Amino acid sequence: MASSLGMQSSPSRTASFLKPSSSLSRCCSRQTSLSFNGARTRISSTNTIKCDIAEPLNFGNGKPTIPVLNGQTFPKFLESARVDKTVNRNDTRLKLFSGTANPALSQEVAWYMGLELGKINIKRFADGEIYVQLQESVRGCDVFLLQPTCPQANENLMELLIMIDACRRASAKNITAVIPYFGYARADRKTQGRESIAAKLVANLITEAGANRILACDLHSGQSMGYFDIPVDHVYGQPVILDYLASKTICFSDLVVVSPDVGGVARARAFAKKLSDAPLAIVDKRRQGHNVAEVMNLIGDVKGKVAVMVDDMIDTAGTIAKGAALLHEEGAREVYACCTHAVFSPPAIERLSSGLFQEVIITNTIPVVEKNYFPQLTVLSVASLLGETIWRVHDDCSAGSVEY
C-alpha cells in the first residue's frame with residue numbers, strides 16, 4: 001500500500017513540517033527516499049537521508065521495524081546537547097542495575113553510557129517470594145535501578161522495592177529508581193466514591209523503600225509527580241517519535257494531529273506544535289467502564305488528510321481503534337498511531353493489526369513479546385534518552401533540554 005508519508009513532492013512542500021525553532025528543525029532540510037515491502041515501511045540508506053536514519057534492521061515474519069539512528073539507535077535531537085566534555089565516562093561511582101522487567105532496554109542504556117550493568121542476583125522462591133542480592137559493592141555509589149512496573153505489574157513493582165531496599169542496606173549513597181513505565185499511574189484520582197488512589201500509594205511505597213530520586217518517562221498525568229516526596233525527573237518520549245517522523249517526507253498541509261480523547265488534548269497540542277503548528281482534531285468519547293470506550297463524535301477536520309493519533313499508552317487499544325475507525329469514516333486518507341508505552345493487553349493486537357492503521361509507532365519502555373509483533377509495528381528506543389538523563393542527574397547537570 002502506498003504511503004503518503006513516503007510520497008515524493010516538491011522541495012517547497014516537503015520536509016518542512018517542523019518549526020525552525022524546534023530542536024528537530026535541523027533534521028528537516030533534506031528529503032528521504034522510501035521503499036515499501038508489504039505493509040512495512042523501510043527506509044533506504046542514501047546520501048540525502050533526513051536525520052541520518054539508516055535502514056532499519058531486517059526482521060522477517062511480521063516482526064516490528066526497529067529504526068537505527070546513526071548506527072547507534074539514539075535520536076538526532078540529543079547530539080548537540082551531549083555533555084561528553086563534562087562527564088567522566090569511567091566513573092566507578094555510578095552503578096547501573098537492571099531488574100527482570102525489561103533487561104533489553106537496560107542493556108541498551110548501559111551500552112549507550114559506555115558502562116556495564118552491575119551484577120545482581122534476582123530469583124523467585126517456590127512460593128513466589130522474590131530474592132535480591134547485589135553481587136558487587138555499592139557503598140558510597142550513585143546507584144540507578146532500571147525497572148519498569150509493566151505487566152506483571154505487581155511482580156515488577158515488588159521486585160523494584162526489594163532492589164531499592166537491598167541497595168539501601170548496602171550503603172549506597174544515592175538510589176534513583178529509573179521507571180520507564182510507571183504502573184498504577186492511571187489511578188491518580190478518585191472518579192467515584194470509595195476508590196483508592198493507587199498512584200499515591202505506589203509513590204509512598206517507593207519512597208519508603210529508600211529511593212532518593214525517580215526518573216520516569218511519560219507519566220500518565222503530570223500531577224503524579226506531586227505524589228512523590230522526593231525529586232522526580234520526568235522525560236518525554238515525544239522527541240524520539242518526532243525524530244522518527246522527521247525522517248519521512250510529508251506535506252505538512254496534509255497532516256493533522258489527533259487526540260484520541262479529551263484528556264489527551266494537551267499532549268496532542270504539544271505534539272502538533274512541534275510539527276509546525278499542525279491542525280488538531282479531538283475524538284470525543286464516553287467511557288462506560290474500565291477498558292471500555294465508546295466513540296461519539298469528532299471535533300476537527302480530517303478529510304483527505306494524514307491523521308497522526310498521539311497518546312501516552314495503548315492498553316487494550318479500544319480507544320485508539322474506535323477513534324481510527326471514526327477518522328476513516330470522516331475521510332482521513334491514512335491513520336498513524338503513536339504512543340510511548342505499549343501495554344498491549346488483549347485484544348490490542350487484533351485491533352491494531354486489523355488494517356485501520358498504516359503504522360503503529362511505539363517505544364521500548366515496555367518489552368514487546370514476540371507473539372505481539374505485527375507488520376505495521378515500529379519500535380523506537382528510548383535508551384539514549386534515559387542514558388543521557390542518567391548522566392546529567394549523576395553530574396548534577398540540567399536535564400531540561402532532554403526532558404522536552
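Position 1 is the first residue of the sequence, and the numbers go up from there. These numbers come from a predicted model, not from an experiment.
No donor-acceptor pair closer than 3.5 Å links the side chain of His341 to the backbone N or O of Thr363. Within the 3.5 Å criterion, the main-chain N or O of Ala278 finds no donor-acceptor partner in the side chain of Ser276. Looking at Asp127, its side chain does come within 3.5 Å of a backbone N or O of Glu129 through a donor-acceptor pair. In this structure, Asn212 contributes its side chain and Thr176 its backbone to no donor-acceptor pair below 3.5 Å. In terms of modelled atom types and a separation under 3.5 Å, the side chain of Ser98 and the main chain of Gln107 share no donor-acceptor contact. With Asp188 contributing its side chain and Ala199 its backbone, the two residues share no donor-acceptor pair below 3.5 Å. Using modelled atom types, no side-chain atom of Lys200 and backbone atom of Arg189 make a donor-acceptor pair closer than 3.5 Å. A donor-acceptor contact shorter than 3.5 Å links the side chain of Asn102 to the backbone of Asn364.
For the pair Ile361/Leu245, a side-chain contact is recorded, criterion being any heavy-atom separation below 4.5 Å from C-beta on. Residues Arg267 and Gln238 form a side-chain contact, since some pair of their non-hydrogen atoms from C-beta on lies under 4.5 Å apart. In this structure, the side chains of Pro367 and Leu105 stay at 4.5 Å or more apart for every pair of heavy atoms. Looking only at side-chain heavy atoms (C-beta outward), Val256 and Asp301 stay at 4.5 Å or farther from each other. With a 4.5 Å cut-off on side-chain heavy atoms, Leu352 and Ile314 count as touching. Taking the side chain as every heavy atom from C-beta outward, Thr378 and Ile362 never approach each other to under 4.5 Å. A heavy-atom distance below 4.5 Å is not found between the side chains of Ile320 and Arg351. Under the 4.5 Å side-chain criterion, counting only non-hydrogen atoms from C-beta, Tyr336 is in contact with Gln358.
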For this session: Mind running side-chain contact (heavy atoms from CB on, under 4.5 Å) on Met163 and Ile120 for me, showing each step along the way?
Result: CA-CA 9 Å; Met163 290 170 64; Ile120 186 172; 4.2 Å; yes

For this session: Walk me through it: do Lys95 and Asp142 pass the test salt bridge (Lys or Arg N to Asp or Glu O under 4.0 Å)?
Result: CA-CA 6 Å; Lys95 300 283 187 179; Asp142 199 0; over 6 Å; no

Exercise. Run the side-chain contact (heavy atoms from CB on, under 4.5 Å) check on Ser381 and Val240 step by step: do they pass?
Worked result: CA-CA 8 Å; Ser381 178; Val240 177; over 6 Å; no

For this session: Mind running ring-ring contact (aromatic ring centres under 6.0 Å, His included) on Tyr227 and Phe182 for me, showing each step along the way?
Result: CA-CA 12 Å; Tyr227 294 158; Phe182 181 58; 8.8 Å; no

Problem set entry | Tyr112 and Leu386: CA distance, side-chain angles, deciding distance, side-chain contact (heavy atoms from CB on, under 4.5 Å) verdict | CA-CA 9 Å; Tyr112 169 82; Leu386 297 176; over 6 Å; no

Problem set entry | Derivation and outcome, salt bridge (Lys or Arg N to Asp or Glu O under 4.0 Å), residues Arg186 and Asp315 | CA-CA 11 Å; Arg186 285 174 283 184; Asp315 189 356; 2.9 Å; yes

Problem set entry | Test log, rule side-chain contact (heavy atoms from CB on, under 4.5 Å), inputs Val310 and Cys339 | CA-CA 6 Å; Val310 180; Cys339 82; over 6 Å; no

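In this pair, Tyr131 and Phe125 present their aromatic rings perpendicular. The plane angle is above 60°, beyond the 30 to 60° band.
Checked against Ile179 for a side chain to side chain contact (heavy atoms under 4.5 Å, CB included), the options Leu146, Leu145, Leu160, Leu215 give a single hit: Leu160. Paired with Arg213 under the rule side chain to side chain contact (heavy atoms under 4.5 Å, CB included), one option of Ile230, Val393, Asn174 passes, and it is Val393.
Residues Tyr236 and Leu385 approach most closely at O-CD2, 3.1 Å, considering heavy atoms. Gly237 and Asp218 get closest at one heavy-atom pair: N-OD2, 3.1 Å. Taking every heavy atom of both residues into account, Val335 and Leu356 meet most closely at CB-O, 3.8 Å. For the pair Glu108 and Ala383, the tightest heavy-atom approach, listed with the atom from each and the gap, is CB-CB, 3.5 Å. When all heavy atoms of Thr319 and Pro260 are compared, the pair lying nearest together is CG2-O, 3.6 Å. A pairwise comparison of heavy atoms in Ala185 and Ser221 identifies O-OG, 4.5 Å as the closest pair.
Between Ser354 and Glu350, the side chains place no donor N or O within less than 3.5 Å of an acceptor N or O (distance only, hydrogens not considered). Donor-acceptor pairing under 3.5 Å is lacking for the side chains of Tyr181 and Asn156. A donor-acceptor contact under 3.5 angstrom links the side chains of Tyr244 and Glu359, judged on distance only.
Shown here is Glu116, whose CD atom has no more than 12 heavy atoms of other residues, nucleotides or ligands within 6.0 Å. The environment of Gln133 atom CD is dense: over 12 non-hydrogen atoms of other residues, nucleotides or ligands sit within 6.0 angstrom.
Every pair passing salt bridge (charged side-chain N to carboxylate O under 4.0 Å, His left out) that includes a residue from residues 143-165 is listed here, sequence neighbours excluded: Arg124-Glu155, Arg124-Glu159, Asp165-Arg168, Asp165-Arg169.
One finds the CG atom of Asp254 at 10.0 Å from the CD atom of Glu334 (value rounded to the nearest 0.5 Å). Separating the NE2 atom in His234 from the OG1 atom in Thr389 is a distance of 11.0 Å, to the nearest 0.5 Å. Between atom CE of residue Met313 and atom CG of residue Leu219 there is a gap of 9.5 Å, rounded to the nearest 0.5 Å. To the nearest 0.5 angstrom, Lys305 atom NZ is 8.5 Å from Leu255 atom CG. Here the straight-line distance linking atom CD1 of Ile197 with atom NZ of Lys190 works out to 6.5 Å at 0.5 Å rounding. Distance check, rounded to the nearest 0.5 Å: OG of Ser224 to CD1 of Ile214 gives 12.0 Å.
Using a 4.0 Å cut-off between charged nitrogen and carboxylate oxygen, Asp233 and Arg392 do not count as a salt-bridge pair.
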